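Computed from a predicted structure; not experimentally measured.
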Protein chains: 2
Amino acid sequence: MGVTIKDIAKETGFSVATVSRVLSNKVGFFSQETAAIVNAAALKLGYKKNMAATELVTQKSSIIAVIINSTKTNFSDPIIEGIQQKANEADKRVIILYAGDHDFRSQQRALTTALERPLMGILLLSVDLFADNLQLLKTANVPFRFISISFQDPDLKYVASDDWQIGYLATKYLLKKGHRKIGLAGVDIESSAHTGKLRLAGYQRALIENNITPQKDWIQTGNYSYKAGLNAMKNYGQQKNVSAIITGSDLVGIGLLNQAAKMNISIPNDLSLITIDGTYLCRIVQPQLTSITQNFYSMGYLGAEYLISNQRQNAFTDIQISERGSVRKLTAADSEN
Amino acid sequence: MGVTIKDIAKETGFSVATVSRVLSNKVGFFSQETAAIVNAAALKLGYKKNMAATELVTQKSSIIAVIINSTKTNFSDPIIEGIQQKANEADKRVIILYAGDHDFRSQQRALTTALERPLMGILLLSVDLFADNLQLLKTANVPFRFISISFQDPDLKYVASDDWQIGYLATKYLLKKGHRKIGLAGVDIESSAHTGKLRLAGYQRALIENNITPQKDWIQTGNYSYKAGLNAMKNYGQQKNVSAIITGSDLVGIGLLNQAAKMNISIPNDLSLITIDGTYLCRIVQPQLTSITQNFYSMGYLGAEYLISNQRQNAFTDIQISERGSVRKLTAADSEN
DNA sequence: GCACTCTAAGCAAACGTTTACAATAGCTTT
DNA sequence: AAAGCTATTGTAAACGTTTGCTTAGAGTGC
């Protein structure tokens, strides 16, 4: 069909070997004049390299596959941007595959689509693999790394935020603002990723360090979704057994915010809220949400970097507190109730 | 490196041809007993097909490349889901490539990454190609189709909403609600895609049919972004020369909403707002935004279907009005000012 | 003038599949 | 019993690259 190096060889009178060397820029194997002739011919004929052939013979490729679950993870964009940036710098290519919404078959399809070709490596964006699919990945002999979630399994390398710190910091922040009855909402402590468990542990530690015993009804678990936020707020109920809440994601925060409004609970006047993630969503709702902001861009960049340079260790990216409008400082007057 | 069909041939005693036929399920060319033996061996050895080889010899592939621009198009998710769904039904694979934020080099990179391998076809999600890149695509001899934006160029096929209808319907709706001074905000009427121009035309037509002369300051163009919404509202200003506004995207709508709040203009009491898109964002802000809702899932599904079945014509997907809380019906009392 | 090095280029094998064509055996048809 | 068909399998070419090895010629040092 298309134009091949053979066509260029015929056109220019050189052998395919020489044409190949010019086109893949194997410096030192051709003269400048030859290069000029070959490149001109390639341009003239509209040559496009057939990667299938290249990958077949070289047995490797410059492609990084990014696997992402299709549930609305609104922070995937900056991660992907970070990956793209690093990939460009290292002259790698990026393709993205959707692995469905925690669906075994979709995961498997994405994984095999990726593994059925030579690959530089695989980056998994907050996708919690089923055991069989994880096995498939492990045996594939392709480097891979998780981004934004962490695991105990030493075989599973990751770049993520320090989720213990996130829980700890968020809690300390609220304590400093005078809150003592602090909730945690919408984090998943069942998943095989231990993100949620770590956040919970950090949260509990901060409370205990301040001589506060965490109450069971302060914690409303969930799957980081908008709906989880709605439900959490319903469960906290009108009686406000907490004065401030940490939400597991921006969507949880917004869900909680809206449910509170429906219940005539005003944020931050009646209830304070700090959310984990800090994506643009925090800035488009009213009030804007104070957040523990994760550095997603950096997560992607670093993930790609570690994958490319074949590093083995895990890495944490930085987090920071972004003060917006959803946390109120409690005063002496508040302590009365 | 990996296990090849040769290994399986050696293991089972069959020829590579037979193994290949079993593994690629060329029915009628092998017996059931043979298939059982071969499949067992493939499983045992952990065989994984090398797609590079397959694509090289067959000169085609089952891959659909989806090119998407990395700016926050919050509706890309349902489109991709639709594409995935159709692709699964037709046993095709989907890969996604980011084309940057209207950046020539990024576009080019995405395009060549895609074109450098056998491909079923290319789907472009609201990406406005630079002329040279469009040329690259046109000459590549690969079927392609745009999704969610439309063009005048008869070579560029698309699946999108009928943008003229969108503008027309939104305006008619507001007219029915008693509004006569109607704004249009955040649509791009400069782009080579004529989405914005069509919406504008539909809007104008509806006004004229109702003997209303569109005023220049009713229209605030923009690039569909959150910021465009903020700016538009600033430009409309405190004096409220319009009583209702159509916004070009959900983000524009939210931007406008928030800027209005800052200006102490209450929606929908002081100003009505209907937005175009109707993604989940409409439901997570307060008040929830009334919208002309596009069927993005269907857009993706149909786009993939047309690409796969090699259809030539353009297609429109359905739109509908979703009434939420951002439009107020004007009463006789309102007409006084 | 000889041995050596260097540069530029060609030859041919290799990568892992698919598939047209050929071959075989067993069966049916006439 | 010859011819033809069917079911199953094998042989070998082909896809478009890359690259180790080889070659040719020119330059260099003694």
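- Between S31(A) and dA8(C), a side-chain N or O to OP1/OP2 separation shorter than 4.0 Å is absent.
- Listed by chain and residue number, nothing satisfies the salt bridge (Lys or Arg N to Asp or Glu O under 4.0 Å) test with D103(A) (two or more places apart in sequence, or in another chain).
- The side chain of Q59(A) contributes no N or O atom lying less than 4.0 Å from OP1 or OP2 of dT18(D).
- For S191(B), the side chain to side chain donor-acceptor pair (under 3.5 Å) partners two or more places apart in sequence, or in a different chain, are D128(B).
- Side-chain nitrogen and oxygen atoms of T4(A) include none within less than 4.0 Å of the OP1 or OP2 phosphate oxygen of dG16(D).
- For S20(A), whose side chain is taken as the heavy atoms from C-beta onward, the closest listed nucleotide among dC11(C), dT19(D), dT9(D) is dT19(D).
- If you check the side chains of Q85(B) and E81(B), you find no donor sitting under 3.5 Å from an acceptor.
- In this structure, T112(B) has no side chain to side chain donor-acceptor pair (under 3.5 Å) partners at least two apart in sequence or on a different chain.
- Between the C1' atom of dG10(C) and the NZ atom of K6(A) lies a distance of 15 Å, rounded to the nearest Å.
- Residue R117(A) contributes atom CZ, which lies 13 Å from atom P of dT17(C) at whole-angstrom precision.
- Proximity of residues 36-58 of chain A to DNA chain C (heavy atom under 4.0 angstrom from any strand atom) is restricted to L56(A), V57(A).
- In this view, N223(A) and S225(A) satisfy the side chain to side chain donor-acceptor pair (under 3.5 Å) rule, not counting sequence neighbours.
- In this model, the phosphate group of dT19(C) is approached by a side-chain N or O of K26(B) to a distance below 4.0 Å at OP1 or OP2.
- Taking atom CZ on F30(B) and atom C1' on dT9(D), their separation rounds to 13 Å, with Å as the unit.
- One atom, CD of Q32(B), and another, C1' of dT8(D), lie 12 Å apart when rounded to the nearest Å.
- In this view, I68(A) and S76(A), I80(A), I96(A), Y98(A), L125(A) satisfy the side-chain contact (heavy atoms from CB on, under 4.5 Å) rule, not counting sequence neighbours.
- Sorted by first and then second residue, the pairs that involve residues 37-54 of chain A and meet side chain to side chain donor-acceptor pair (under 3.5 Å), not counting sequence neighbours, are E11(A)-K44(A).
- Straight-line distance from the NZ atom of K10(A) to the P atom of dG10(C): 15 Å, rounded to whole Å.
- With sequence neighbours left out, the side chain to side chain donor-acceptor pair (under 3.5 Å) criterion links S31(A) to T34(A).
- Nucleotide dC15(D) holds its C1' atom 17 Å from the CD atom of E116(B), rounded to whole Å.
- Among pairs with a residue in residues 105-132 of chain B, those fulfilling ring-ring contact (aromatic ring centres under 6.0 Å, His included) read H102(B)-F130(B), F104(B)-F130(B), at least two apart in sequence or across chains.
- Residues forming a side-chain contact (heavy atoms from CB on, under 4.5 Å) with D91(A) (at least two apart in sequence, or on another chain): R93(A).
- A donor-acceptor contact closer than 3.5 angstrom links the side chains of Y301(B) and E89(B).
- The aromatic rings of F146(A) and F144(A) sit perpendicular to each other, their planes meeting at more than 60°, with 30° as the lower class boundary.
- In the helix from dG1(C)-dC30(D) to dT30(C)-dA1(D), the terminal helix axes, each the rotation mapping four pairs' C1' atoms onto the next four within five end pairs, subtend 40°, rounded to 10°.
- Distance CG (L23(B)) to C1' (dT19(C)): 15 Å, rounded to an integer number of Å.
- Atom P of nucleotide dT9(D) and atom CD1 of I5(B) are separated by 15 Å, given to the nearest angstrom.
- When distances run from any side-chain atom of A17(A) to the nucleotides dA12(C), dT17(C), dT19(C), the shortest one goes to dA12(C).
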Return the polar atom pairs (N/O with N/O) between nucleotides 21-24 of chain C and the protein under 3.5 Å, or none.
none

